[in-house]
Amino acid sequence: MARLAVRNLSMTFPAVQALDDVSLTFEAGEVHGVVGENGAGKSTLMRILAGLQFPTSGEVHLNGRPERLGSVRGALEHGIAMIHQELNLVDELDVAENVFLGREITRRGVLDRRSMIAETQALLEEVKAPFGPTARVGSLSIAGKQLVEIAKALAVDAAILIMDEPTAVLSAPEAEALFGLIQRLRDKGVTVLYISHRLPEVLDLCDRISVLRDGKLVASFEPRNEPVDAQTLASSMVGRPMSDMFPAKSVPPSGEPILMVDRASVDGFAEEVSFILRPGEVLGFAGLVGAGRTELAEALFGARPLRSGSIEIAGESVTIRDPSQAMRHGLAYVSEDRKGIGLILSLSCVQNVTLANLRAYCRPVLSSTREQEATARWKSELDIRAGDLDAPVLYLSGGNQQKISLAKWLETDPKILILDEPTRGVDVGAKRELYALIRSLTARGMACIVISSELPEIIGLCDRAIVLREGRAVGEVSGETMTEEAIMRLAAGVEAAA
Amino acid sequence: MKRAGFFQEYGVLVAFVLLFLMAAIRFPDSFLHADNLRNLLSQNAYVGIIAIGMTFVIISGGIDLSVGSLVALCGAVTVLTVNKAAESGMVLMVALAAALAAGAVAGFANGAVIAFGRVAPFVVTLAGLAGFRSIALVLGQGGEIRSTVRSFGDFGYDGLPIPGLTNIGGKPVILYWSTLAFLLVALLGGFLLNKTRYGRYVIAVGANEKAARYSGIDTRWVKVWTYTLLGGLVGLAAFFNSARMNSVGTGSVGLYYELDAIAAVVIGGTSLAGGKGRIWGTVVGVLLLTLIGMLLNLWRVDPNWQGAVRGAVILIAVLLQRTTKPEN
């Protein structure tokens with residue numbers, strides 16, 4: 001009997017059929033991958049299982065019996081816990097307080113801190129966490145917070161663990177450690193539902209892979225029994241054969257540099273980083289999460305102070321103190337944090353697209369007609385799938401949100417475009433479109449900096465890449481020398497075997 | 001994919017129309033009377049003018065508790081200016097300029113401390129609530145400042161006669177200048193919020209200040225101008241109020257205006273969390289509060305109950321307009 005099964009699950013929203021008659025079973029002791037493009041229905045499925053949403057029709061069975069999960073608490077009582085992409089922890093509290101949040105152990109109405117700390121200690125050992133129960137959660141890295149979330153799930157004896165893109169924010173070694181933990185949990189009989197856009201890791205980790213497309217279950221693979229490659233998986237996700245992911249690179253650009261950064265330092269994040277960027281070039285910033293890439297980019301963009309160093313744009317020395325100055329010099333920064341910085345979720349597609357270039361739509365009265373026209377133009381140019389351009393961007397899928405965020409910056413007609421993790425949380429089809437778009441922009445003379453933690457992306461997309469480690473530029477790779485191994489070696493600080 | 005339903009969107013308006021019809025049917029003579037209908041518009045025109053400015057501040061993610069005290073301070077400045085300028089032929093103009101300037105300067109100060117000093121708006125304007133009243137009291141030596149210019153007081157009762165409408169005495173019904181100012185401010189406010197860059201920036205700053213900053217918007221100045229705008233409108237309201245009284249009671253004028261203005265904004269459907277709001281809602285909010293007061297009078301309800309009813313209206317309005325929060 002399956003530990004967890006969904007039968008004929010459907011979920012209809014006003015504008016979209018998010019799930020369409022999906023039936024799936026999840027066995028004890030298996031890692032079950034769920035993949036699909038953005039908007040394929042993965043998140044809806046997970047939300048239903050985590051008790052966050054009610055299906056329009058269909059049933060959820062636990063150990064053979066139909067159950068109504070009702071709420072997150074209800075799901076937890078049935079042993080289902082979800083590790084969210086955006087971690088749900090209270091930074092101000094310590095680890096033990098977070099683990100027991102909402103179900104504190106008390107003795108005669110008084111918190112029993114000692115027992116909670118002891119139990120947390122045991123859980124932390126189980127997940128091999130490198131910190132103790134009294135560490136403040138706000139001081140932990142994202143990987144550490146994830147371990148706390150997992151410990152929290154184990155504390156309630158969760159038999160089913162739902163992980164939504166857990167590696168999106170992890171560096172490679174951190175991800176490896178997580179995979180080890182997932183395997184140990186599986187061997188203990190825990191069922192893990194694993195959602196990820198990173199197909200190679202799904203193939204490595206999962207015992208079974210279910211592919212959703214347009215709300216339907218379209219394929220199921222068991223990589224342990226019959227090997228399957230990422231290409232096949234990707235094709236079944238998008239419903240057509242996938243040719244090469246990356247567009248061809250251009251002839252190495254050799255014009256005058258558009259941007260020259262000399263010994264730029266950002267307090268606590270970057271030390272004396274120098275580089276140049278030429279028109280038509282895609283320059284990668286590679287490195288581990290936390291290497292200071294984002295902070296350096298933000299400092300170039302004026303969003304955080306540059307302690308020292310000089311910046312030259314098109315041969316002129318410039319000082320940039322805030323984003324509006326950066327924009328005047330032709331810089332644009334597409335943030336990795338789409339929801340917090342890149343977009344204003346409660347505003348419409350139109351309002352987001354024109355926000356950074358609103359001046360162009362005023363004379364001096366705002367012309368909503370022209371705003372609409374411009375947005376519609378970007379919609380067709382970038383193939384943005386949005387029904388109603390006046391609806392909040394909140395309702396769009398990750399890939400389409402990313403395109404809106406990109407459209408907003410292309411609106412400003414930048415000379416230098418900084419893209420920070422441009423494909424995080426973006427599905428494979430939209431990824432490919434973004435890569436092609438970046439190349440077509442550079443073909444027209446734009447210069448791009450791409451910050452990415454995905455090595456294939458750096459290697460496939462960039463002409464050249466600088467590797468950062470702990471805030472320092474530790475090397476540059478290009479052409480033949482640009483290999484995953486070379487980058488990892490630089491990023492992790494392992495000396496090359498000469 | 002949930003969007004606000006009809007009632008969430010237009011509930012206040014529906015409530016206002018229903019109450020209006022109810023009053024019209026129940027009290028055809030006393031309510032549906034030209035003077036009374038004029039009063040519906042004019043009675044809270046001062047709070048109304050302030051509430052329009054408050055809508056901007058609340059949409060930008062802030063709050064201003066100092067407006068009631070600022071009415072007293074601006075009123076004091078107005079009347080003192082009137083008395084000083086008594087001889088000149090431009091008393092009204094000079095007084096109006098003084099009122100606007102006093103309000104705008106105070107609002108600018110609030111905004112500057114909030115935006116550049118990075119202090120919570122609640123705290124800064126709480127200080128203003130205490131401080132502005134106190135300065136007004138000093139100017140008024142603890143009491144009333146009387147205007148010595150009769151034409152100033154007359155102005156408070158002056159306005160445009162509404163064509164075709166007469167009161168019981170057969171005189172034309174006059175729409176006061178303050179009421180006209182309220183309506184004009186509302187129209188301009190709606191335009192400013194929806195049709196200008198500044199308005200869009202106010203919404204953006206309230207919805208996500210960081211994203212706004214990263215989009216090249218100087219969020220600090222947006223905030224400063226928003227508090228300055230409100231301050232100027234408070235000055236305008238104080239000008240009309242002191243003309244009406246031909247004096248200013250520095251200890252009593254404007255008391256609780258901040259609460260009335262915030263109530264009208266909230267009833268009108270503007271989110272206290274910022275980033276979302278509407279001017280017409282605030283206008284309906286002001287009118288709804290006035291209408292309820294009138295109804296309670298017509299029903300001869302003990303006036304002491306007014307506060308409780310207002311409180312209930314605020315809660316009901318907010319509960320009804322609560323949209324189901326998008327998940328995440």
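Quick note on labels: first sequence line is chain A, next is B, and so on, each numbered from 1.
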Q | Which atom of Y214(B) lies closest to which atom of F301(A), heavy atoms considered | A | O-CE2, 3.4 Å
Q. Between N208(B) and G340(A), what is the shortest heavy-atom contact and its length?
A. ND2-O, 2.9 Å
Q | Any side-chain heavy-atom pair of I217(B) and L355(A) under 4.5 Å | A | yes
Q. For T412(A), is it the side chain, the backbone, both, or neither that has a heavy atom closer than 4.5 Å to a heavy atom of chain B?
A. neither
Q.
Is it the case that over 12 heavy atoms from other parts of the model lie below 6.0 angstrom from the CZ atom of F122(B)?
A. no
**Q.** Within 6.0 angstrom of R370(A) CZ, more than 12 heavy atoms from elsewhere
**A.** yes
Q | Contact origin within Q351(A) toward chain B - heavy atom pairs under 4.5 Å | A | both
Q) What part of R328(A) gets closer than 4.5 Å to chain B, counting heavy atoms only: side chain, backbone, both or neither? A) neither
Q | Greatest number of heavy atom pairs closer than 4.5 Å to chain A - which of G199(B), G275(B), S215(B) | A | S215(B)
Q: Below 4.5 Å from any heavy atom of chain B, which atoms of E371(A) appear? Answer side chain, backbone, both or neither.
A: side chain
Q: Looking only at non-hydrogen atoms, find the nearest pair between I344(A) and A207(B) and report the distance.
A: CG2-CB, 3.3 Å
Q: Name, in order of residue number, those residues of residues 187-198 of chain B that have a heavy atom at a distance of less than 4.5 Å from a heavy atom in chain A; otherwise write 'none'.
A: F191(B), N194(B), K195(B), T196(B), R197(B)
Q. Roughly how far, to the nearest 0.5 Å, is NZ of K276(B) from CG of L347(A)?
A. 12.0 Å
Q. Using non-hydrogen atoms only, which part of L345(A) is less than 4.5 Å away from chain B: side chain, backbone, both, or neither?
A. neither
(Q) Counting neighbours of CG on D218(B) that are heavy atoms of other residues, nucleotides or ligands and sit closer than 6.0 Å, is the number greater than 12? (A) yes
Q: Could you tell me the separation between the CD1 atom of I341(A) and the CZ atom of R213(B), rounded to the nearest 0.5 Å?
A: 8.5 Å
Q: Of all the heavy-atom pairs spanning G216(B) and S324(A), show the shortest one and how long it is.
A: O-CB, 3.2 Å
